[in-house]
Amino acid sequence: MPTDAEEPWTMPLSGTAPEPPGTYGPPPAVPPAPPPLLPPPSAPAVPAVLASPAEEARAELLRQREAARRVEPAAAVGMLDGTARQMVARLGRYDRDTLTTWRELAWYRDAAGDPAGALQLLRLVVPDLVQALGHADPDTLQARFELAVLTGTAGDPQGAAQQLHALIPQLAATLGPYDERVLKAQHDLALQVADAGDVAGALNQLRLLVPLVQQMLGEGHPLLAEVRLDLGRYAELWGLTPAGRATGLAWVEAVAMVHRLLVWDFETDKEADASLRELERRTGARDLMDRIFLAPEHFTAEQVAAMAFGVPGSPPPMTPPPMQPPPLSAY
């Protein structure tokens, strides 16, 4: 998972990177101020406040953590491991900075090609975060989300789905039901449900999620593209099954399949041609290739689909209620 300063999608802790010097050009020239007519009155001396040894230790350890963020993941692993161990000794096992440094170490282990080590570490860190900070603390929620994702990556989609199922209501209560991170977790839950073998259940979740992301985050948001692509993939897969052949194709699914064609989300031309044929079969439309690829470049996927299928205007955006995780029996 990305760090606080690097994670664009998934769930940053807080704060943004400072603007580099010179972002807005050199400062304007300012003429020097004239010397004062009278010397300023002398101010009373203010005694210097010295930082405590504990504060100095924390500041130095945080500088070490920041330095690790600026190197390659493989090098960062060794640096963060040493920093985290020093934090345990000098700040305590349950200190927030100690715990978040262990969490970052897990992220870098995964990025360096050691997902098993990252998963093992997070399984140890999350209970400590819960004990020290509580279930709803943002740092705890971040670590629980990363643990769920790594659980799915390790080949346990049912376990990952169960973790996300428990996490999403707490994310929504803490961040708000339409926060980007909540919607991202809903998307990841759908993927785990599909990987666990319930493609129809994943489709139902993605059908609701697409218009919700579109309405709350906007047409150009990267998460909308991700959700549409996955909906298009699963819609095509479902349409090739006996059950899917009888269901037809909903508008939101048709737009998702058009989106896949527009961004060419395929390994080969043969795969793209098969997707186009499936789209034509399920909509009854013909000669979609020219109608899709001759659309103006500034058109959205929904506008291209409306033009390709001869729809005067796309359906108005829907705002469904916040999605609720399906019952645990689904897993």
Side-chain angles (χ1 to χ4, degrees), residues 2 6-10 12 16-17 19 23-25 176-188 190-191 202-203 205-239 248-320 322-323:
E6 298 172 354
E7 171 175 28
W9 277 125
T10 95
T16 57
E19 291 287 348
T23 298
Y24 304 107
Y178 304 115
D179 184 90
E180 174 186 339
R181 291 159 290 184
V182 177
L183 300 175
K184 171 64 174 169
Q186 295 280 10
H187 170 242
D188 286 8
L191 300 188
L203 270 175
Q205 293 183 62
L206 292 172
R207 286 189 191 108
L208 290 174
L209 188 58
V210 165
L212 188 59
V213 173
Q214 184 179 15
Q215 182 79 1
M216 298 302 162
L217 302 183
E219 182 67 34
H221 198 279
L223 181 57
L224 178 60
E226 283 192 38
V227 179
R228 272 184 174 156
L229 286 176
D230 287 318
L231 175 60
R233 295 183 192 113
Y234 293 137
E236 181 179 343
L237 179 64
W238 182 244
L249 195 65
W251 171 255
V252 68
E253 294 173 278
V255 172
M257 293 180 71
V258 168
H259 179 80
R260 283 195 76 201
L261 290 164
L262 288 172
V263 301
W264 208 252
D265 176 47
F266 307 100
E267 295 291 334
T268 64
D269 291 348
K270 183 178 179 180
E271 183 183 346
D273 185 66
S275 180
L276 181 66
R277 301 284 84 79
E278 177 65 14
L279 181 59
E280 290 180 337
R281 181 186 72 80
R282 297 184 68 188
T283 60
R286 294 292 179 269
D287 302 321
L288 286 179
M289 177 70 79
D290 289 341
R291 283 186 260 171
I292 290 174
F293 291 104
L294 291 178
E297 290 186 3
H298 66 277
F299 270 27
T300 66
E302 200 162 22
Q303 290 172 325
V304 172
M307 185 181 72
F309 298 125
V311 180
S314 59
M318 296 184 296
T319 309
M323 292 176 57

Problem set entry | Atom pair NE2 (His187) and CD (Gln205), whose distance is rounded to the nearest 0.5 Å | 10.5 Å

Exercise. Of the non-hydrogen atoms in Ala256 and Gly232, which two are nearest, and what is the gap between them?
Worked result: CB-N, 3.6 Å

For this session: Kindly write out the residues that satisfy side-chain contact (heavy atoms from CB on, under 4.5 Å) with Asp179, not counting sequence neighbours, or none if the list is empty.
Result: Leu175, Arg181, Val182

Exercise. Once you round to the nearest 0.5 Å, how far does CD1 of Ile292 lie from CZ of Phe299?
Worked result: 13.5 Å

Exercise. What residues form a side-chain contact (heavy atoms from CB on, under 4.5 Å) with Thr283, not counting sequence neighbours?
Worked result: Leu249, Leu279, Ala285, Leu288, Phe309

Exercise. Do Leu206 and Arg228 come close enough that some side-chain heavy atom pair is under 4.5 Å?
Worked result: no

Problem set entry | Minimum side-chain heavy-atom gap Glu253-Leu203 below 4.5 Å | yes

Exercise. Residues in side chain to side chain donor-acceptor pair (under 3.5 Å) with Arg233, at least two apart?
Worked result: Asp230, Asp265

Exercise. Taking all non-hydrogen atoms of both residues, which atom of Ala301 and which atom of Glu219 are closest, and how far apart?
Worked result: N-OE2, 4.3 Å

Seminar exercise, completed: Tightest non-hydrogen contact, residues Met257 and Ser275, listed as CE-O, 4.0 Å

For this session: Supply the atom-to-atom distance Glu180 CD to Met216 CE, rounded to the nearest 0.5 angstrom.
Result: 14.0 Å

Seminar exercise, completed: Sequence neighbours excluded, the answer for side-chain contact (heavy atoms from CB on, under 4.5 Å) partners of Ala272 is Trp264, Phe266

Exercise. Of all residues at least two apart in sequence or in a different chain, which pass the side chain to side chain donor-acceptor pair (under 3.5 Å) check with Arg281?
Worked result: Glu278

Problem set entry | Sub-4.5 Å side-chain heavy-atom contact between Leu223 and Val227 | yes

Problem set entry | Distance, nearest 0.5 Å, that separates CG of Leu224 from CG of Leu212 | 10.5 Å

Seminar exercise, completed: Ala202 and Ala190 have their tightest heavy-atom pair at CB-O, 3.3 Å

For this session: Scan for salt bridge (Lys or Arg N to Asp or Glu O under 4.0 Å) pairs involving residues 268-277, sequence neighbours excluded, and state none if there are none.
Result: Arg260-Glu271, Asp273-Arg277, Arg277-Glu280

